[in-house]
Amino acid sequence: MSNDKDRVLKEITPKGQDYSQWYLDVVLKAELADYGPVKGCMVIRPYGYAIWEHMQADMDRRIKLTGHVNAYFPLLIPKSFLEKEKQHVEGFSPECAWVTIGGGEELPEPLAIRPTSEAMICSMYAKWVNSWRDLPILINQWANVVRWEKVTRPFLRTTEFLWQEGHTLHETEAEAEEETLKMLQVYRSFSEETLAMPVLFGRKTDSEKFAGALRTYAIEALMGDGKALQAGTSHNLGQHFAKAYGIEFLGRSQERLMPWSTSWGTSTRMLGGLIMTHGDDSGLILPPKVAPYQVVIVPIPPRKGDVNEAVLPKCRELQATLRGAGIRVHLDDRDTQLPGFKYADWEMRGVPVRMEIGPKDLEKQQCVLVRRDTREKAFVPLAGACAAVAERLEAMQRELLERGRSFLEDNTTRVASWAEFKQAMAEKRGFIVGGWCGDAVVEAKIKEETRATIRLIPMEEREAPCVYTGKPGREVFFAQAY
RNA sequence: CGGGAUGUAGCGCAGCCUGGUAGCGCACCUGCUUGGGGUGCAGGUGGUCGCGAGUUCAAAUCUCGCCAUCCCGACCA
């Protein structure tokens with residue numbers, strides 16, 4: 001573990017706790033492992049992976065609902081495949097890992113470990129597509145990719161990461177653009193509805209767009225420290241890849257045409273965004289929709305000497321009832337830990353609702369429900385416990401998003417001058433809305449002077465003079481990015 | 001690759017200036033205790049002090065070299 005002092009996660013470490021202890025052993029269940037020369041590798045422990053599985057299932061459902069199917073392509077990409085698209089290879093070759101030896105012998109051609117699969121998938125598509133009747137092709141892949149980054153960061157920038165990448169082909173430019181924007185909206189709704197993480201969406205500037213893309217769109221979330229996180233991207237690749245990989249089809253009017261392609265992806269970076277968005281000093285706070293356990297039942301043991309064997313059976317009964325209602329529930333019946341320890345333990349793991357049941361509660365036929373985010377404590381009759389839990393889960397999912405929304409709004413500053421811009425960046429960061437004249441040189445200068453980059457160009461155009469040059473321009477969102 | 005810093009137990013650190021053969025907190029193990037918010041007490045396991053050389057009767061400590069990592073700058077989902 002080399003990134004012990006990572007500031008981001010330090011901020012959400014419980015006060016008085018040893019940061020790395022919490023980070024490594026308790027909550028994240030994922031870490032950057034360094035082994036030998038490989039830095040910033042991702043290790044996801046079971047609890048963290050369970051969160052990812054829920055995210056994955058939800059995203060997969062959304063991808064299929066929009067007409068896509070899953071497939072799988074090779075991990076190793078021949079160098080010649082990668083080199084076909086000029087901008088693409090220039091963009092990715094600096095961060096490629098190469099396999100040069102196989103079976104003990106030097107390979108005639110080096111193989112790249114996929115940094116993304118456009119090259120591989122387009123090479124296959126070239127063989128698959130002959131007619132306009134073969135289009136559209138709407139395929140998604142769940143896979144791991146490797147990018148040899150110089151600077152890594154837990155979850156946000158790891159050498160290897162898990163993601164889904166969609167790769168589609170369309171007959172017309174309009175269809176490709178529609179697909180690109182459709183997937184951007186899928187990402188936006190996933191982020192907000194499932195992760196309760198509000199985002200802004202829009203187009204990227206040329207300097208920030210994907211290597212080989214015509215246009216790149218993205219969703220951007222705002223983290224607690226005022227820095228923006230690009231959480232999902234959707235690219236309209238134009239005909240660049242079709243041309244480079246020789247994908248052609250015979251059109252409706254018997255001409256040879258090139259299809260229009262798109263690609264889009266979200267990764268385990270979203271898991272990092274989730275942790276940073278909702279965490280507090282006691283650890284994680286998970287939105288109910290992706291929480292591995294939505295409820296944890298903590299039985300309170302009777303005092304020593306007292307005889308009370310009713311608590312545990314009652315807990316099991318409630319567990320079965322909650323399960324029957326489709327709620328993910330865990331009964332923490334460890335007799336090796338005290339109740340107070342269990343409270344703190346599950347709070348660190350971000351379980352949305354805690355249910356306590358002890359001898360006193362049994363007498364009154366009630367239980368105690370505590371919400372993780374607000375810590376609101378309520379005594380609820382056992383008969384209505386299931387409904388009360390469901391109600392809290394629903395409320396928590398909704399309120400986390402609302403809280404995130406107001407945080408995003410409170411940390412978005414509209415500026416009219418360069419002085420205001422610099423002041424906003426120095427004081428609270430967050431998103432800064434201001435005019436930009438469209439010049440990439442100006443964009444670079446702003447980055448140099450303030451570390452802020454243009455995160456998004458909004459879909460709706462609003463005229464505004466450039467904050468740097470004063471020339472006519474349009475409104476864009478600036479922020480310091482991860 | 002430029003500038004700054006650090007390598008001592010699984011993790012976080014002290015000790016180094018002023019050499020004398022290694023300590024604290026967390027975690028882990030044992031016993032008792034406690035039991036509706038991280039229980040308390042006592043005992044215990046675990047380290048060739050990053051690597052190599054030099055100075056010295058003696059090196060975690062002083063000197064030199066090497067290696068590694070972290071932070072700040074240029075690239076990135």
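The sequence lines fix the lettering, A, B, ..., with proteins before strands; numbering per chain opens at 1. The structure displayed is predicted, hence computed values, not measured ones.
For the C1' atom pair drawn from B/C67 and B/U30, the interatomic distance equals 41 Å after rounding to whole Å. Taking atom P in both B/G15 and B/G19, the straight-line distance is 16 Å, to the nearest Å. The separation of B/G7 from B/C11, taken at their C1' atoms, amounts to 15 Å, rounded to a whole angstrom. Here the separation of B/C51 from B/U69, taken at their C1' atoms, is 14 Å to the nearest Å. Going from the C1' atom of B/G25 to that of B/A9 covers 12 Å, rounded to whole Å. The gap from the P atom of B/U45 to that of B/A5 amounts to 39 Å, rounded to the nearest Å. Atom name P, nucleotides B/A42 and B/A27: the rounded distance is 15 Å, in whole Å. Comparing B/U48 with B/G73, their C1' atoms sit 39 Å apart, to the nearest whole Å.
Searching all strands for a Watson-Crick or G-U wobble partner of B/G31 with both distances below 3.5 Å returns B/C41. The nucleotide B/C1 finds its pairing partner in B/G73, both defining distances of the Watson-Crick or G-U wobble pair being shorter than 3.5 Å. For B/C17, there is no paired base (Watson-Crick or G-U wobble, both distances below 3.5 Å).
Qualifying side chain to side chain contact (heavy atoms under 4.5 Å, CB included) partners for A/Gln423, counting only residues two or more places apart in sequence or in other chains: A/Glu427.
Within the structure, every side-chain polar atom (N or O) of A/Lys209 is placed at least 4.0 Å from both OP1 and OP2 of B/A77.
For A/Glu347 against B/G37, a side-chain-to-base donor-acceptor contact under 3.5 Å is present. Side-chain atoms of A/Arg354 come within donor-acceptor range of the base of B/G37, with a qualifying N/O pair under 3.5 Å.
The number of heavy atoms from other shown groups lying within 6.0 Å of NZ (A/Lys79) does not exceed 12.
Nearer to the 5' terminus of RNA chain B, by closest-nucleotide assignment, is the contact made by A/Glu356 (compared with the other of A/Glu356 and A/Thr233).
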Would you be so kind as to tabulate the donor-acceptor pairs closer than 3.5 Å made by side chains of residues 335-344 of chain A, with sequence neighbours excluded?
| unit_1 | atom_1 | unit_2 | atom_2 | d |
| --- | --- | --- | --- | --- |
| A/Lys342 | NZ | A/Asp332 | O | 3.0 |
| A/Lys342 | NZ | A/Arg334 | O | 2.7 |
| A/Tyr343 | OH | A/Glu356 | OE1 | 3.1 |

